Every structure is written in structure tokens, then in C-alpha cells.
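In what follows, chains are A, B, ... by sequence order, proteins preceding strands, each numbered from 1. The structure presented is a predicted model; accordingly, all values stated were derived computationally and were not measured.
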There are 2 protein chains.
Amino acid sequence: MSQTVDRALSILPLLAEGPADLGQVADRLGVHKSTALRLLRTLHEHGLVFRQSDQRYRLGARLFALAQEAVENLDVREIAHPHLLALNEKCGHTVHLAVYEEQEVLYIDKVESRYPVRMYSRIGKPVAITVAAVAKLLLSDFPEAERRAIAEKLDFPAYTSRSTPNAAAFLKELAQVREQGWATDLGGHEESINCVGAPIRGADGRVVAAMSVSAPNVVVTAEELLRLLPLVRRTAEAISREYSGHAPEK
Amino acid sequence: MSQTVDRALSILPLLAEGPADLGQVADRLGVHKSTALRLLRTLHEHGLVFRQSDQRYRLGARLFALAQEAVENLDVREIAHPHLLALNEKCGHTVHLAVYEEQEVLYIDKVESRYPVRMYSRIGKPVAITVAAVAKLLLSDFPEAERRAIAEKLDFPAYTSRSTPNAAAFLKELAQVREQGWATDLGGHEESINCVGAPIRGADGRVVAAMSVSAPNVVVTAEELLRLLPLVRRTAEAISREYSGHAPEK
DNA sequence: ATGAACGTTGCATATTGTGCAACGCCCTCG
DNA sequence: CGAGGGCGTTGCACAATATGCAACGTTCAT
């Protein structure tokens with residue numbers, strides 16, 4: 001909507017990939033060097049970008065500070081964190097917390113597995129929305145019309161043979177998740193990794209976040225992981241209670 | 001330098017203070033509502049800002065994703081290298097850079113001593129984790145429980161009479177290193193070789209790497225080497241600053 | 001019902017960002 | 001040592017672009 005700002009902001013993801021010099025930035029933006037220079041200067045003044053010793057540009061400290069504040073303002077995370085830690089303490093596996101925002105599902109917190117074989121995931125990165133347990137939980141709470149609208153727009157990549165194949169299957173699964181109040185991902189994203197998840201609800205009953213426990217086959221079988229379901233659900237409920245203003249229960 | 005971008009970016013710190021509606025943003029920017037709207041829309045399209053359910057604007061999780069990605073693509077070695085070279089230029093001794101990975105501490109960069117008598121080490125090779133200065137620095141940053149767990153699992157080979165003898169001594173030393181912010185290895189690995197090291201920290205204050213200067217007794221005594229400590233620490237701090245996105249200080 | 005508060009849109013204006021060309025600097029190669 | 005290329009930087013003329021205005025649509029409280 002604003003060309004100048006649009007161009008300036010496009011520089012950020014570009015620099016997130018790694019440092020770049022003026023020419024590279026100008027090329028990838030499709031603008032003249034002098035234009036890129038002015039944009040970079042403005043970003044620089046705001047501390048979002050800085051120049052490292054070899055003169056190349058990089059994302060700056062201010063961005064990290066802002067990012068920090070951005071997550072701190074997500075207070076679900078703050079409340080949930082100790083519960084996630086406690087859960088990890090009990091079962092030892094990787095625990096994730098995710099929210100839906102702007103057409104995406106994002107991990108906003110993670111407690112690493114204590115086992116040497118770990119699952120790869122990145123806090124802040126969008127999750128595989130068509131297969132992840134947390135994504136299904138978050139989407140299942142939308143009104144039906146919206147669920148359909150979203151499903152229609154999605155791609156359904158076949159990560160594995162068990163990935164959700166298409167919109168119809170996805171909607172069916174969302175309905176089931178909505179019904180039962182929990183979700184799984186059994187090898188839908190990576191063949192050897194399973195997850196069990198449960199929703200976190202606000203005072204009005206709407207799903208505000210979702211959490212899951214993930215573990216690779218080599219550590220526990222899907223069946224064993226499913227045995228953790230009651231524990232996961234209880235944790236999610238405890239977080240929900242605290243989040244919606246009730247005193248933490250013992 | 002670019003008014004439009006300047007205004008748009010000024011919105012971010014403003015929103016970091018807390019959610020705000022269109023009118024508030026326009027007021028604080030000193031521009032018309034319609035202008036503020038367009039700026040916010042552009043920020044919105046890039047996911048830096050999003051609209052919560054009550055229509056107010058807040059910082060978006062994409063900011064977090066961006067910062068995360070930037071950190072992942074950051075190469076400590078690349079940033080550190082020129083600083084290591086400069087340090088070697090000044091003192092002439094061997095300079096090492098190391099990281100912790102998968103239960104091991106690995107040298108990932110090295111600048112050779114200018115003296116004929118050199119210390120033997122290889123980039124990519126695990127270091128003697130119980131005695132090396134860089135290892136102590138990296139491990140000292142772990143939470144106490146984890147430090148203990150790691151220490152219990154280690155062997156404590158008696159390379160020399162000054163090698164760390166057991167887990168208890170090791171933990172005690174880690175605590176001290178953590179406290180003082182630097183570490184040494186005085187003949188703990190090879191009788192005649194001493195090292196001084198300092199930690200390199202990321203934007204969040206966590207230790208991401210460690211560096212050290214090593215020299216054999218025949219070139220400088222331990223005392224003389226220790227006199228380099230302030231220089232080593234300053235170098236490590238300069239790298240930390242640059243790594244965490246601050247402008248290099250003059 | 002009525003009005004206020006807020007977000008949104010189209011439009012005319014000139015402010016603002018743009019590309020160009022030229023300059024200076026550093027480094028490399030002949 | 002001097003020519004040449006690469007790169008960042010500056011000043012300028014032009015028009016593309018952002019801006020404020022005024023009017024409209026909604027929602028909410030009175």
C-alpha cells in the first residue's frame with residue numbers, strides 16, 4: 001500500500017537470510033543502488049539494521065529487542081511456560097506451545113527434549129499447518145465457514161505418506177479434533193515423529209493457544225506417546241484455568 | 001532520510017509499549033489518521049504488526065520469527081574471525097574459537113601463533129572438555145542442574161598433575177568461571193601450555209562461543225599471559241556486540 | 001433515534017522518493 | 001606505477017508517490 005515502506009520492509013527478511021551488501025540488496029529489491037542506500041540508512045537510524053565490520057548490512061540489535069517485547073506481550077506464553085517445564089520434567093520429551101496469527105500457526109515456546117535424539121523445530125517459525133497437532137487444535141476452533149475458507153486456500157504438501165492429503169480430509173479431521181478436544185500428528189510431518197496435543201482456552205472458552213508433546217519413534221512408540229494424553233490434557237487445562245483468571249490449582 | 005519509512009518504523013517502538021488504536025498512533029506520529037492507516041497496513045502486510053480482536057494494533061509474531069531466523073543464519077566464526085586476527089596481530093599467540101555442540105566442545109576457528117613453538121590443535125576436533133579454558137566458559141553458562149548432570153557423566157583424565165581431578169572440582173571451577181566471566185587453563189592439558197579465555201555472548205546474554213589465547217611456557221610465563229586478560233576480554237566483548245547486532249564501537 | 005467516536009475511501013495537491021550520471025575511494029592487475 | 005573495475009556515495013531534475021482533507025460507513029452508548 002505504501003511502496004516505499006513496502007520496499008524497506010522487504011529488506012528485513014532478505015537480511016535475515018544473512019548479511020548482504022548494498023548491491024545485492026538493490027538487485028533483490030529491483031531498485032537503484034541509491035534508493036536501496038536511502039532505505040538502508042533509514043532502517044539503520046532505527047537500529048533495525050546495522051553495518052558489520054566488512055561493511056555489509058545485517059539485522060540490528062533493535063530488532064531483537066522489539067522481537068523480545070513482541071513475545072513478552074503474548075502473555076499466554078508467560079503463564080504457560082512453567083507448566084511446560086513441569087511437563088517436560090515428567091515425560092522428558094519436547095514440549096511446544098503455539099498460537100494462530102495472521103493465517104499462520106507459530107511456535108512461541110519450546111522446551112527441549114532431554115533425550116539425545118531431538119525433534120527439529122524453530123520457535124517463531126510457522127508450523128506445517130496441515131499436519132501439526134497444534135495447528136489442527138487452533139483451527140478446529142474457528143466457525144465452520146471460516147474453517148472451510150481457510151482449508152480451501154491451503155496447499156497440502158505430502159511430507160510423508162500419512163500427511164493430510166486434501167481439504168476434505170483436513171476438514172474432517174478438524175471436526176474430529178473439535179469433538180474430542182485433543183489432536184495427534186502421527187508421522188504426518190516427518191515419518192518418524194509423533195505428537196499429541198491439547199488446546200488452551202481463554203475465559204470465554206475460545207482456543208487461544210495449543211500445546212503438544214513430540215517424540216521420535218526411536219524413543220517411544222506412538223502408542224506409548226498416546227498414553228501421555230491424559231497428562232497433556234491436564235496440563236493444558238491447568239494453563240487454561242490460570243490464563244482465564246482462576247487461581248492455579250494444586 | 002526517507003520520511004515515509006521513518007514514520008512507519010517509528011510505529012514499532014510505539015506499539016512495543018502496548019497495543020494502540022489508529023487514533024493514538026496517528027496522534028503520536030503527528031500525522032493524519034489516513035496516513036497512519038496506510039502505514040499500519042503496510043506493516044501489517046509484512047506481519048510486523050497485527051490486529052488483535054478488539055481492533056487495536058500490536059507487534060506481530062513475525063518480528064520474532066525474523067529475529068530467530070537471523071540468529072540461526074548467523075555465523076559466529078565469520079564475525080569473530082577478523083577480531084581474532086587483530087588479537088593475534090597484537091599478541092602473536094595462538095587464538096582459538098570454540099562452540100559447544102552435542103556434548104562436545106569443538107574448535108571452529110584458529111589463528112596460528114607467530115612464534116616458532118606452537119601449540120598443537122585442529123579445527124573441528126573436540127577439545128579436552130574437563131580442562132580447556134573454552135570448555136569451562138561454555139559449560140559454565142548452563143543451568144546448575146545441567147552442569148551437574150554433565151559433570152557426572154564425564155571422565156577426568158589426568159593429562160597432567162594440574163588436570164581437573166574429578167566432578168566436584170570441575171563444578172567448583174565452573175561456578176568460579178561463571179562468576180568472574182573468564183577462564184584459564186594453566187598446564188591442565190599439557191604441562192607447558194597455558195591459556196586465557198573469555199566468553200562470547202548473544203543478544204540474549206547467553207554464551208554462544210568462547211575464545212582463548214594459548215602459549216607455551218617457553219614463550220611466555222603464565223603471569224605474562226594473564227596480563228593479556230583485559231585484551232582478550234575486550235576482544236570477546238567486541239565480538240559479542242557485533243554478533244548481537246550492535247554497531248561496532250570505535 | 002441521535003450523535004459521537006472510530007476506521008475507511010477517493011481525490012487533488014505538492015511533497016517526497018526516485019533513477020540517473022558523475023565522483024571518489026580502494027583494490028587488483030598489467 | 002598507472003589504468004581499470006567494483007563499490008558506496010552525492011546532487012539534481014522529474015514525476016511518481018505519499019499526504020491531508022472531507023465525506024461516508026459502522027458501531028456503540030446515550
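The closest side-chain donor-acceptor pair between H81(B) and D109(B) falls under 3.5 angstrom. For D185(B) and N194(B), the side-chain atoms include no donor-acceptor pair closer than 3.5 Å.
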When you check every protein heavy atom under 4.0 Å of nucleotides 3-19 of chain C, what one-letter string (B, S, -) results, 5' to 3'?
-> ----BBB------SSBB
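L40(A) has its CG atom 13 Å from the C1' atom of dT9(D), to the nearest Å.
Ring-centre distance between Y57(B) and F50(B): not below the 6.0 Å cut-off.
The two residues D141(B) and V207(B) make their nearest non-hydrogen contact at OD2-N, 3.1 Å. The two residues V105(A) and Y100(A) make their nearest non-hydrogen contact at CG2-CD1, 4.0 Å.
dC11(C) sits 22 Å from dT15(C) when the P atoms are compared, rounded to a whole Å.
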